[in-house]
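Worksheet: one structure, shown below.
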Amino acid sequence: MTEFTNINSKLPQIGTSIFATMSKMANDYNAINLSQGFPDFNCSDDLIELVNHFMKKGFNQYAPMPGTIELRYEISKKVKRDYGKLYNPDTEITITAGATQALFTAFSTIINPGDEVIIFEPAYDSYLPAIKLNGGIPISISLNQNDFSIPWKEVERAITERTKCIVINSPHNPTGSILQESDIKQLEKIVKDKNIFLISDEVYEHIVYDNQKHFSFASSVELSKRAFVISSFGKIFHTTGWKIGYCCAPEFLMKELRKIHQFVVFAVNTPIQLAVSEFMNNESNIYSLNNFYQNKRDLFRSLIKDSKFILRDCDGTYFQLLDYSNISDKNDFEFSEYLTKEVGVAVIPLSPFHTSNNSQKLIRVCFAKQDSVLEIAANKLRNL
Ligand code: PMP
Ligand code: GLN
């Protein structure tokens, strides 16, 4: 029998994603799943009815390669309204199969073998493999430990002739930190007059707390002229399972991105694009998100406040970091496994967001859950 020993793995060091691993463990042990980031409540009935409507009307064949013009137009309108920049729906916006595909395709568009790409750790898990698969060299910089802000001096020092791209994620998964206006200014100064591209992962753009502002790269002339700005309807409309997102970029970048996009997915499913474009026309369907999640954040924090966990700040996203150093000496994998199997609450350890050894005693909890579920989970955590 043939042995097939010549597979020669492209990602020898990478196993199954921590999100898949912990969600499976939650199911296997019947634990409350606060691990993988997804809501445990349904999306709007109106949105479901719209999808149904377009399916019944017969919109079930391929969409145009870059996405339906209706949805690209609505995105263009929204981005202009929120950030002041007009992206041309014909040439500068592409609908993707979630932000994950937008990110991967953006990396493929710009990375050539040997190019250096600066990422910040803890880093969302899809960046590193996407960089490596495209022959890039990830250059990891640790976020400041106290508030997970970006150490700009270190960024300046890390830039070389080979720096092709800097990847920024704000609001930030897993830490919940957000960029301030001063960060935008620092980055503008660093990239000005340099051939450096930017990938801005803004999937939590509408989940920012305490009346703070989301600073999109779209709102900066210096940044937007070199940036892929990426977002996801999975976060905005509680539909992570629909895998629909988008990318905005200047025409010269978008032209190249589409050359790859057309051979990765060709196009994203039609009825959902049509439904989303109609649904987002009602602005409150987008702008109600901040308050909705702020209530959940406040509830969860108030329930955990008097426990032995230390709550880290949470300015955005639906993730809360908990420091468990007062509770256990276990490493974060062991502690997450213990919580899932023995306590009945599944969480995410932070080590998979790091390339080097991470000794911090931090876990990530997703609070995009029904209030009653948060209460039961918090009760279990409070007893530790
Ligand atoms: N980037 C970040 C920071 C995320 O948290 C996620 C998913 N939760 C994604 C990208 C991927 O989004 P999507 O599910 O739309 O592919
Ligand atoms: N982004 C989600 C999280 O951070 C998970 C997405 C996935 O499972 N790939 O939990």
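Keep in mind that this is a model prediction, so the values were computed, not measured. Both counts, for ligands and for their atoms, begin at 1 and track the order of listing.
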Answer with yes or no whether Tyr124 contacts ligand 2, where contact means a heavy atom under 4.0 Å from a ligand atom.
yes
Is any side-chain heavy atom of Phe233 less than 4.5 Å from a side-chain heavy atom of Met280?
yes
Looking at side-chain heavy atoms only, is the closest gap between Leu384 and Phe309 below 4.5 Å?
yes
Between Ile244 and Gln273, is the side chain to side chain contact (heavy atoms under 4.5 Å, CB included) condition met? List the steps.
CA-CA 8 Å; Ile244 178 164; Gln273 291 193 61; 3.8 Å; yes
Looking at Lys85 and Glu92, is any side-chain nitrogen of the basic one under 4.0 Å from a carboxylate oxygen of the acidic one?
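No.
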Starting from [atom], locate the nearest protein heavy atom and write down its residue, its atom name and how far away it is, to 0.1 Å.
atom                    : result
atom 7 (C) of ligand 1  : Lys235 NZ, 2.7 Å
atom 8 (O) of ligand 2  : Gln36 NE2, 2.7 Å
atom 12 (O) of ligand 1 : Ala99 CB, 3.5 Å

For ligand 1, is any non-hydrogen atom under 4.0 Å from [X]'s backbone (N, CA, C, O), its side chain (CB onward), both, or neither?
X      : answer
Lys243 : side chain
Phe233 : neither
Thr100 : both

Within the 4.0 Å heavy-atom shell around [X], which atoms of ligand 1 are there?
X      : value
Asn169 : 3 (C)
Tyr204 : 3 (C), 4 (C), 5 (O), 8 (N)
Gly98  : 15 (O), 16 (O)
Asn173 : 3 (C), 4 (C), 5 (O)

Are there over 12 heavy-atom neighbours, none belonging to Asn146, within less than 6.0 Å of that residue's CG?
yes
Please check this pair: side chain of [X] against backbone of [Y], looking for a donor-acceptor N/O pair closer than 3.5 Å.
X      : Y      : value
Ser177 : His172 : no
Gln262 : Met65  : no
Tyr209 : Thr317 : yes

Pairing donors with acceptors under 3.5 angstrom, does anything connect the side chains of Asp210 and Gln294?
yes
Run the ring-centre check on Phe228 versus Phe217 and record whether the distance is less than 6.0 Å.
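Not under 6.0 Å, so no.
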Does the N or O separation between Gly37 and ligand 2 drop below 3.5 Å for any pair?
yes
For the 3.5 Å polar cut-off, considering only N or O atoms, please tell me whether [X] and ligand 1 meet it.
X      : answer
Tyr127 : no
Ser232 : yes
Ala97  : no

Please lay out, stage by stage, how Glu202 and Ser216 fare under the test side-chain hydrogen bond (donor to acceptor under 3.5 Å, both in side chains).
CA-CA 7 Å; Glu202 303 185 13; Ser216 172; 2.8 Å; yes
Counting heavy atoms only, which part of Arg364 comes closer than 4.0 Å to ligand 2: side chain, backbone, both or neither?
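The part of Arg364 near ligand 2 is the side chain, not the backbone.
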Check each heavy atom of Asn173 against ligand 2 and say whether those closer than 4.0 Å belong to the side chain, the backbone, both or neither.
side chain
Measuring from atom 10 (C) of ligand 1, which candidate in Thr317, Asp201, Ile244 has the nearest non-hydrogen atom?
Asp201
